[in-house]
Structure formats: structure tokens, C-alpha cells
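Bear in mind the structure is a predicted one, so any value in this text is a computation, not a measurement.
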Amino acid sequence: MRRFLRSGHDPARERLKRDLFQFNKTVEHGFPHQPSALGYSLSLRILAIGTRSGAVKLYGAPGVEFMGLHRENNAVVQIHFLPGQCQLVTLLDDNSLHLWSLKVKGGVSELQEDESFTLRGPPGAAPSATQITVVLPHSSRELLYLGTESGNVFVVQLPAFRTLEERTISSDAVLQRLPEEARHRRVFEMVEALQEHPCDPSQVLIGYSRGLIVVWDLRGSHVLCHFLSSQQLENVSWQRDGHLIVSCHSDGSYCRWPVSSDAQQPEPLRNCVPYGPFPCKAITKIFWLTTKQGLPFTIFQGGMPRASYGDRHCISVVHDGQQTAFDFTSRVIDFTVLTEADPAAAFDDPYALVVLAEEELVVIDLQAAGWPPVQPPYLASLHCSAITCSHHVSNIPLKLWERIVAAGSQQHTHFSTMEWPIDGGTSLAPAPPQRDLLLTGHEDGTVRFWDASGVCLRLLYKLSTVRVFLTDTDPSDNLNAQGEDEWPPLRKVGSFDPYSDDPRLGIQKIFLCKYSGYLAVAGTAGQVLVLELNDEEAEHAVEQVEADLLQDQEGYRWKGHERLCARPGPVHFEPGFQPFVLVQCQPPAVVTSLALHSEWRLVAFGTSHGFGLFDHQQRRQVFVKCTLHPSDQLALEGPLSRVKSLKKSLRQSFRRIRRSRVSSRKRRPAGPPGEVQEGGARAERTGVQSMELAPVQRKIEARSAEDSFTGFVRTLYFADTYLRDSSRHCPSLWAGTNGGTVYAFALRVPPAERRMDEPVRAEQAKEIQLMHRAPVVGILVLDGHSVPLPEPLEVAHDLSKSPDMQGSHQLLVVSEEQFKVFTLPKVSAKLKLKLTALEGSRVRRVSVAHFSSCRAEDYGEHHLAVLTNLGDVQVVSLPLLKPQVRYSCIRREDVSGIASCVFTKYGQGFYLISPSEFERFSLSTKWLVEPRCLVDSAETKSHSRPRNGSGPEKALGRARNSGNQSDGEERRPGPVMEHALLNDERVLKEIQSTLEGDRGSYGDWRSQRVAMGYSLSNGGAE
Amino acid sequence: MNRSFHKSQTLRFYDCSAVEVKSKFGAEFRRFSLDRHKPGKFEDFYKLVVHTHHISNTDVTIGYADVHGDLLPINNDDNFCKAVSSANPLLRVFIQKREEAEHCSFGAGSLSRRRKALALREDGPRRRAHLHIGLPHDFRPVSSIIDVDILPETHRRVRLYRHGCQKPLGFYIRDGTSVRVAPQGLEKVPGIFISRMVPGGLAESTGLLAVDDEVLEVNGIEVAGKTLDQVTDMMIANSHNLIVTVKPANQRNNVVRGSRASGSSGRSSDSAASRHSLPTAPALLHLQPDDADSDDEPDVVLEGVLEPRPVPRPPPPGSQVRVNGAGPAPARDSPAHRLLSSLRADPRQSLALPLPPGAVEEHGPAVTL
């Protein structure tokens, strides 16, 4: 037994292992769970999303992604990019500020936290005195203005966060400088809005929640003008030329105020309640954007009539007589408008609206007629209907890929043709070496095909199986309801729809043959569909077959859901995968395993009652086999046994939940991925925790044969091997159950020319009962060279060597507890690895993967990639079953993460870290998909200042420098030099090129000329 | 195995009070029946047996295979009654010449141990020479203390024998903290403890484990750094042959190591029996099977040209039913397998007892061991 514990001391093997295996968590795909803040840099053209778990994610052009995690796991409340720099400031809900920067290291940018800071008030002050409500990064790039709940505006100097107390704009100071009549009312309270004058950096606008807005002169410390509104202030937008202020209020109204130096207290130009006259909800944020055509865009969030539409999450766009209230599927976290980045431009000319909702990101094209949405290349809502299963197919042939993409493109016609507008940074990652598909099955009966080749997980095609069945709700009714012409002009946008019409439609298993284009999909109500890729739309009937898995088992009564009703008659299918056969298991229990052999045209499926084989060429059932154990019924009085075990499993899962509650943190910070060494420390930590808890007890009781669910079919496998004698090989089907039983059936598939004439025959040839009775999670046949048998059609397509049929084949059975190799055809045990007995961990997922060496081009080995119930990922060698490496990957409490894991054929894997995000990891040194990107700091200089990152109140410096920086062609030597000194030689070259160019005026910022040079002092220099 | 008997019970002789007896002496079988409710006296049974086997002039011992496949003796009225009443439905009786039986004990795994008779015989005479203790005819070993010579005195390594699948090991574990002496002084470390015993369970019946004993190792693997669930899984995965090393909460009953150099570990544990009665020395010696042997749990492989459903039908005559290990690798056999295979191998048996349609073959996994 100890021989397994001894690690191999062969130095050559150890070296080879280093060349073959390496663990990395590379990229997170999908939409961040619980987003809480949005930021956007107009100059960098980079989007930032903060989450409630303290993560900051940056997205630019497809492939440009960064991720950072705050040490404190507090929610990110606000994100602001510093004007014209690769830096951003985040505000967390613990009132701390953090400065992050993108630094170039070894040719690629990295996101790092530089500094953090918590604003401290004078001793004895209420905590609200320093509770930050608004952050304004000043265009000087050196100062940060912080509005607080007390009404004071504090000033801190970047990058060290040094508090400049003498510059604090206290509410008392503002009050004293107000005229007498404005002082009568209690106008102060917290700061709601803080903005810099779009043209003059010495003026800031301060909006207080009681309705007072003042324009403050920073140099003279006096009030330039003030506006008094009768309503609670929500937010403010300052027109590009600085002559107009638009404020929005809690009663659903917005006001326009003229700004001129002659009137100290102007009256509003217009006060308007867009969705009146009945009481409305607050307008929480507003944009007033000018266009060349003259008519402005008004874009605001909220303001819907309280009684009838108060529960909608709306953003309204008003322009040129058109008005649309975009109705989002989930709460709007924040939104921003992409406008002209060039500060010299006279107009905003907005071109896209970016809305961060709780469950998805929606971008709307404001230039195209009808304002259509733009399809995002990343940040896809994986969970628009809950993910129920996933399946990965590596190395898709180009032909199939193109057909899937073509089928998908016809589904995306409602999207705008606009190029993705958020395109900052450059992706340096090499083009993906092959095309990979990730298929996700969803609760609403759809299968989504994702391009998983690279960093961006992009939706290629969506397949819906709903059309095959009769469901309660007809989709056409829904559309009619939407089409009504009414006020407000609501329009639904977004794809997030967590409500499934019928949970029975849920997809549970997917199997795609990449060579033939056959797809098998199986669902919750025992339905198995076989689909074929068709480039044309078609209308045909789906053949229905019932597979009675119980056969002559008597006294069994199914107490679960009914089976789905198939739609009779021909059904219209759009181009793409079209179903032609529907097999419905009886009883309609969830399909627990599925296998498709496209060469033999057979599909095998299993449920908790048994399994069956279906010939989809002849559309005929070959056989079914009931796996229910006779003792299940004898011992546990019939079908009630299932109920009992359900109770038991519920109890277990509650226990698990209780345990996971005490587990420390949701996510470990993204550091170097923890190897096993970390395990020790972690165990200590958990040990320390458990000291304080009441001890948990576990009963030591061996599994008995009476444990229910023994008949549950866990795995199905087709193989052409020596099942009955060592002289002839034949097709075979293998099935493994939860009770540790393996059934082997010998199949007789007629040759191709008589394929339609003769029936496929099957005979049971073997039955193996594993004595430890653990669930069988994987079956595999190794050929004479101990290489796993190739996939069907792989050899026919010349993509694999034909298997060795001379030597003796071996059977590998993986149960949750053991790996065991048997000889074939005489099944006698040859080797085993008792994982549970040695480590106490159980196998949750196992898959064969090919590991290539990073040194030798053509060297590779086949091994088993294994995920255990402790969240460890291991590699176990084939055929000797020697553990190679072990890494801790998923938290052991993360049951759903462990359950969702899929491995690829080349040593990568995916698992869900939240309902909407896949984490991608790699065990291979060679196959590594990770973002490598560069956000060019020189690019920063091209657009002198980003416009408001995430809203007027958070607005960064509005344009004030005109002239010298028009388009990015001009580079200022000063900052470039600075960066060159700081960062890398690459920029040095640019200096040389720009030194010959325009040496624009680079002066004191106080002289109102731009602040570009300020990166000298704070551009990461200190 | 017991399942297959259940099966046949339901199928045949259900309402019949006759107990079928299959008696084996050497290579010969005899069949007769007894009344389940009135089995009679042991004396009569003995006479009947020697008569049917025509061995009236030999001194023999009689044993039977109980439901767990263990060979238990029939030597008085009580255990004869027990044997008949527990026959399920077939009572398998094994007859041995007295002198042969001396070398071979009854008890668990005794059927499989026979193949090692040779090795045992070597030290047999020596053992009898210095001390004769009667065979523990009515005992079945449930546990033993092992490796006393290599463990610290404060620790105890206990091996539990689980007979049949049905009986739970019968204890619970919990996590807690134990105090260790470290260079820096006392230090608290997380540990795994026995929290509760199932009354009447295997663990309690051994008396070697007690509540609050700290579990240090499971089958040679340290539990330090492992979670409660991991340790639970390890114990269950090793439950066929569970060896736990504990640090007993009650240190007063520790094995006191004698000054004499003890031979095998089994002996030393015997000579210094802890607070509970242990099987006697010869039995203990028998109870030291090598790890590989008892650790191995051969899987059952059924082969046959079984027509899959939907046409369930009895296997065609001549269909081969093979139990793994009956063939070329007898060393890996478990007792029950051998029994089963010997049953099958005997043509007379299959003649005398034609298997009812779909009895054993059809429900392959019904053969549990």
C-alpha cells in the first residue's frame, strides 16, 4: 500500500513531468457574478467592472482582459479611471480607496494595486463625516476630490493619497459664501454630485442632496453661482461647453439650468417630468449630450411611473422626437455613454450606450436607426437560463465550424452591425491553435455553442429543443403582448431569462460528434434527441420512440414528473441542428448518461432505471436493460426506497451546506495557484476553525448492496475491442452504474452496404461487480500499445493512428474510489489505484487527456485528468496508474463548481465559479489559453482626457484643453519620456520618433493648459 | 452470497420444512435432508453422517458453512440445532478426519486459509509442543491488536474483521483538538476522535476501541491534515480490512511490552492481552494473513451469452458462469468464491440441483461477497 505514497525518484521522469504538467488558472469566462460598479475610460477605451466580492475586471478589445482582486473582500462601489492614464481608483463599501495601475512587464500589461487609503476625519467626528459618496479625479491627475455624507469635499493627492487639509471645501465654507436668501434653507446634507467644469479645471460643481447646486471656484474659494431646486437632487450632467447644467431629481423630474457668470442665481430654463403626471420614481442619473445635428441626446435612468412601472429597470433615450425606454431584465447597476473622446471636439456625438445590469452587459448602438443592441464578444451571460450541463469538444474541423457559425449568424440578425466599440488595448496572445467548442445545456431546453478557442467565450449558435415539445406557453402569445403601442415606449433588451417554462425541458447530457455533425441531447424528463446539422431550414416530423426501461419489473410505480408531450406533425426548424429522432425513456427519469457512436449510428442512454441502445439509422430500438436491483424493491418495499434515499441525500446536503457556511472566503486571491503545499496550511486553517465549532460526527459504515440508487447508470462507452475472445474484436457497449456494476454488451453492426437491411444485434457478454460498490464514473479501453481507443470516425478522417489491434486490450474502470485495469477479453484484475483508501478523496470527474511536452515538439503522453471531491486536480498515468501531479483547484465546499467541471482533450478544463462564470484552468504546459495584452500608455496620450467614466457625478475632468492635442498623432515628449524611463524600451523608440514631431506647449497646469505633464509626477513614478 | 440463498429460498422449498443437507468428505458429496423443526440429536446426526459416507470407523469432526461462508463446528446439540435452523436453505456440511482437523481451525476465513495449510503445518507441531490451548470452536475473530512491537506503547493498532457486508463497523468519528508536545511547548492540533460506539456493533464488541480515542492512522496512512470526511471515506474504503491506529483515551490498559524478544507481533499481542479477552494464541496466529490477501477484494465477473432483454430467458445450457479467481489465480480467492466455484464445478451438484430459471445467473450482482 505504501508503494503508492512513495513518489517516484527517477530524476528523468521528474524532469519530464515538469515538461508535461503545469497548473494555471488562466482566465474567467462569462459575466462577473454580482457586479456592483462600472467604470469606463474614453481615452483607453477600456471598461471596468467591480463586483461585490471585491474583484475588478477590465475589458478592452476582444482578448484584452485584466483581473484584480482587493485583499478585502468588500464590494466595489465605484470605479474611476484617472484622466489620461492607465490608472484607476476604486472605492469599496468599507470606505477605502484603492489605486490600481496597468504596468508593462515583459511586454505585457499587468493590473496591480499600488496604494490604498481610508479617509480619516478629525478625532471624535461621526463616521458619516468621512463616508465617501462621490469621487472626482481632477484632470490635473494629481488630485482626487471626495464628496462625503457630511457635505464636506476632501482633497487628496495622488498617488500617495496624501490628504490636503487646507484645500477641503467644507459645507460651512460654502454656506458662508452663499447669499443670504439661499442660506435660510437647510440646503446641505450629503454631496450627491461633484463635477469639474468641462473647459475650466479651476471650477467644480458641487450638488448637495437637498437640492442645492453650487459652482465653486477652486482658486478663489468662492461660489461662482448657485442653483436651488425644490426637489431632492439625484444627479447632474454638465453640457460639453459648460453653459448648461441638467439636474435630475427624486420625483422623476429633470431641470435644465443656464450657467452664466452674470446671473448668480438663475432660474431653471425648463422643468420636466418625462413620465408624469402621476407620481414617478427618481431619475437617478442623467446624460445631456450634444450632437452635430443640433438636437441633444437625453439619456436617463429611472423616472418611470411609480404605480404601474415602478418595478421596471429602465433607461430612457430621448433624441429628435424619438423616445425609447429600454427595459432591462435585471436591476441596472450603472450605465455610461460612449462619446467623442477628443476633448477638442465641439460635440459629444454619443455612439453607444453601455449598461451594466445585474445579470448582463448590454451595449446599444445609438447611431443606427432603431437603436439596436450590439453583440458583445465577451461578458456573455452564460446563465441567461441556468446552466445544467456542459460538454467540450476540442479541435473542431473547419467545415463543421463554418456551418455552425453560419447557422448562428442567422440568429444574430437583430444585432447592430457596429464594430464592438470598446476596443482599447492590444491582444498579444497568439491566435488559438485550434477551434474548440464548449456546449452548455440550459434549464430552458436550449444548448448554446460557445467558441472556447481563445480568451473570449463567444456565443456562436443557440439550439432550442423546445419546439419539439408541446409546452404550456406558446411563445407567440408573448410577442403579441409586447407589441402593444403604449406609453411609456418600453422595449425589452437583454437575454437574461431565468424563468423556465417547464423544468422538464432542461438539458442534462450532450454528446457531439465533430466529424459527422451528429448531436445527441438528453434532458430531465428522459427525452433523448438525435440531431443532424442542416444548412437549410426544414419542416419535418420528428420520429418518436418510447423506451420502456422497466420492462417486466413489477410493482414499481413512478412518482416523478410525467414525460413531455411531443408536438405532433411536422415542425419547422431553422438552419442548424435539426432533431429527427426523439426517444423518450419510460419512466421519464432524468437521463444520467449518454453516448453516441456516429460510425455505427448508435446512441446509448441511461437513467436511474436502466439503459438502452437505439439505432438512429434504422430508427429502431436495439435493446434496453433494466439495472434496478431486485433487492432495491425487496429490501425497501418498492418504489418508496427512492424517497428514503432522497431524504438521506437531502440530509447530507444540508450538512454540507452547514459545513460550507463556516468556510472562510469565497475566493482565494488570484495569486500563484496553490500547489499541494498550500494544502497543509489550508488544512491547518480549517482545523483551527473546527476547534471552535461543535464537533461534527461521521458514521463509519460500509456501503451495502442495499444502498439505493445502485441502478443509476453513470457512464456509457462504445468500444471496438476483444470482448469475447482474443481472436476477434467486435463493437461493444459498456455501461457502469452507481452500484459498482459494469455491463458489457457485444454488438453486431451490419456492414455499411447492408446497414439498412439487417438489424443491429446486441448480446450481454459480461457483467462485473466491483466489490467496493462505488459508483463507476468512467470506462475506457486501451489498445495493445496502452493508448486509449480513438473516437469514432477519428481514424476515418486520418486524425488518429488506427488503434493497435494486435496486442491485448485492457479495460480501465474508474469508480469514485478506485482505478482498476483489467485484461481483455478475460476480465481479470491487473492493476489498481485505491484513491479513497489512500487519500480519502473520491473521483468526481475523469477524462483522458493528451499532454504534450513543451520542449520536445512531437512528444506527448495520454493520461487521466481527475477531479476529486476535495477539488484537487490530479493526473494519473496510463496504463500504470501512477499518480503524477496533484494541484488544489476548487474549494472543497464549492460543490457546484466541482460538479460543473469539464476537461478538454488537451489537459485544460472549465468549472463554474458562479452561476455565470467559467474559470478556465490548464494542466498542460503547452495548451494554455490566457490573456496576454498590452494597454499602451502612449495611446493614453492620444486622447488627452477620458470623459466621465461612470456618470456625471463621478465625472472626470471635462475637456478644457483645446488646441494642442487633437488626435493622438501628436505626442508629448514629456510624458513619453517619463514612461520610457519607467516602463520599457519599446516606448523609447516612440520617443525618438516623436522627438522630431510637434513639441507642443507643455506648461504649468495652473496656466490651464493641460495636465499631460502631470504624469511626470504621478504616472507611477513614485 | 447470502443474497443468492435468499433468492433460492424464495424460489424453492419455501413451504417445506425439510432442510437439504449436502455433506462433503474429501472429494465426495452426499445429499440428504433433515427436518428443520425437529433436527434431532447431534449423536444421531453424527451417526447418520458417518453412515452415509461409509466412514464409520474413522474419527471425524463435522463443520458447516454459515451464512458468512465461515466454517463453524458441529459438535453438540446446540450448534447442530443452530446449523440446521440457520441453513438457508442448503446446509453444507464438511467432514474432516480428526487428526487433519487439528491443524485447521474453524472460524472466519478458515475456508480460504486451507490453501495455506502447508505453511501452517510447518510451525504447527512446534506450537503444540509448548502449550496446548483448545481450539476456539465457538469464536469468530472480530479484531486483533497488531504491530505491538513497532508502535509506541501509548498507541494501539487495531484490526477489525468485518464478516459479511451487512454489519456496520459500528462507530462514529468526530474532529477535535489534541495536545501535542512540541519544541515550543504544548501545542493544540486538530485531530480525529472516536465519538460514539454503536451498541452491539462490531467496534464495541471488540472492546479495543473506545470513545475519545484519537485516530492516528488508517491502514498505514496518517490522518494528520486530513478532514473528517476524508478520514471517513478512507475508513469506509478500507472497511473490508480496516486497521486503525489509535491513541487510547484510557492509557491504563496499554500493552506492556515484555523484556523477552517476542517472535511475531501476533504472539506479543497475545501474551499481553489488553483489558479484553482475545482469541487464544493459535487462533491469533491464524489471523495474520498477509495484507495482499485479505486486502484484495476480487470483483465478480459473470460471463455468458445472455440474451439481453426484452427477452429474458434462462441461460442456455453450457453457458459459462465464471467467478473471478476460480481459474488461474486461486491465490486471490476469498472463501465464498471458492465455495461457490466448487459448487458450480461439481457436475453432480448441478444435476441434483437444477438451477431454477433466472436464479443466480440472471441477477449477476446478486452474488455478493
Side-chain angles (χ1 to χ4, degrees), chain A residues 1-2 5 551-552 623-626 629-631 634 679-680 683-684 686-688 690-691 695-705 710 724 739-741 745 762-772 774 817-818 820 822 826-829 834 836-842 869-870 892, chain B residues 3 162 165-166 168-177 188-190 193 195-196 198 203 219-221 225-240 291 295 297-310 312 324-325 327-329 363-369:
Chain A
M1 196 174 303
R2 287 190 188 88
L5 294 177
Q551 294 292 319
D552 42 334
F623 75 91
V624 295
K625 163 93 181 163
C626 180
H629 203 285
S631 73
L634 283 174
E684 257 167 50
T686 48
V688 170
S690 55
M691 270 188 241
V696 189
Q697 278 193 77
R698 294 279 181 277
K699 188 175 188 185
I700 309 300
E701 182 174 16
R703 242 181 322 282
S704 72
T710 51
R724 283 211 275 227
T741 312
F745 281 77
E763 287 180 334
Q764 180 163 358
K766 287 200 166 45
E767 185 171 327
I768 305 167
Q769 173 64 59
L770 300 176
M771 286 321 294
H772 57 283
E817 300 192 353
Q818 299 188 1
K820 215 160 180 177
F822 298 89
K826 198 175 71 65
V827 180
S828 57
K834 297 169 79 172
T836 309
L838 292 170
E839 294 178 359
S841 55
R842 292 159 162 276
N869 65 333
L870 303 176
R892 76 182 73 195
Chain B
R3 176 88 37 67
R162 202 162 56 92
C165 292
Q166 314 312 319
L169 289 160
F171 63 100
Y172 290 74
I173 55 172
R174 63 168 169 86
D175 38 24
T177 44
K188 280 187 168 182
V189 290
F193 296 87
S195 61
R196 188 151 79 84
V198 177
N219 286 51
I221 299 153
K226 293 205 157 51
T227 62
L228 186 64
D229 287 341
Q230 269 175 293
V231 178
T232 310
D233 279 343
M234 286 167 65
M235 286 188 171
I236 291 171
N238 288 308
S239 62
H240 286 268
D291 263 5
D295 190 24
E297 317 135 10
D299 305 317
V300 182
V301 179
L302 291 178
E303 300 199 22
V305 200
L306 293 173
E307 193 63 34
R309 295 184 189 184
N324 199 15
H363 306 286
V367 185
T368 51
L369 295 158

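With a 4.5 Å cut-off on side-chain heavy atoms, Arg698(A) and Val231(B) do not count as touching. Side-chain atoms of Asn869(A) and Asp229(B), non-hydrogen and from C-beta on, never get closer than 4.5 Å to each other.
The shortest non-hydrogen separation linking Met234(B) to Thr836(A) is CG-O, 3.1 Å. Shortest non-hydrogen contact noted between Asn238(B) and Ala837(A) is OD1-CB, 3.2 Å.
With sequence neighbours excluded, the residues forming a side-chain hydrogen bond (donor to acceptor under 3.5 Å, both in side chains) with Ser195(B) are Gln697(A), listed by chain and number. Shown here are the side-chain hydrogen bond (donor to acceptor under 3.5 Å, both in side chains) partners of Ser841(A), two or more places apart in sequence or in another chain: Glu839(A).
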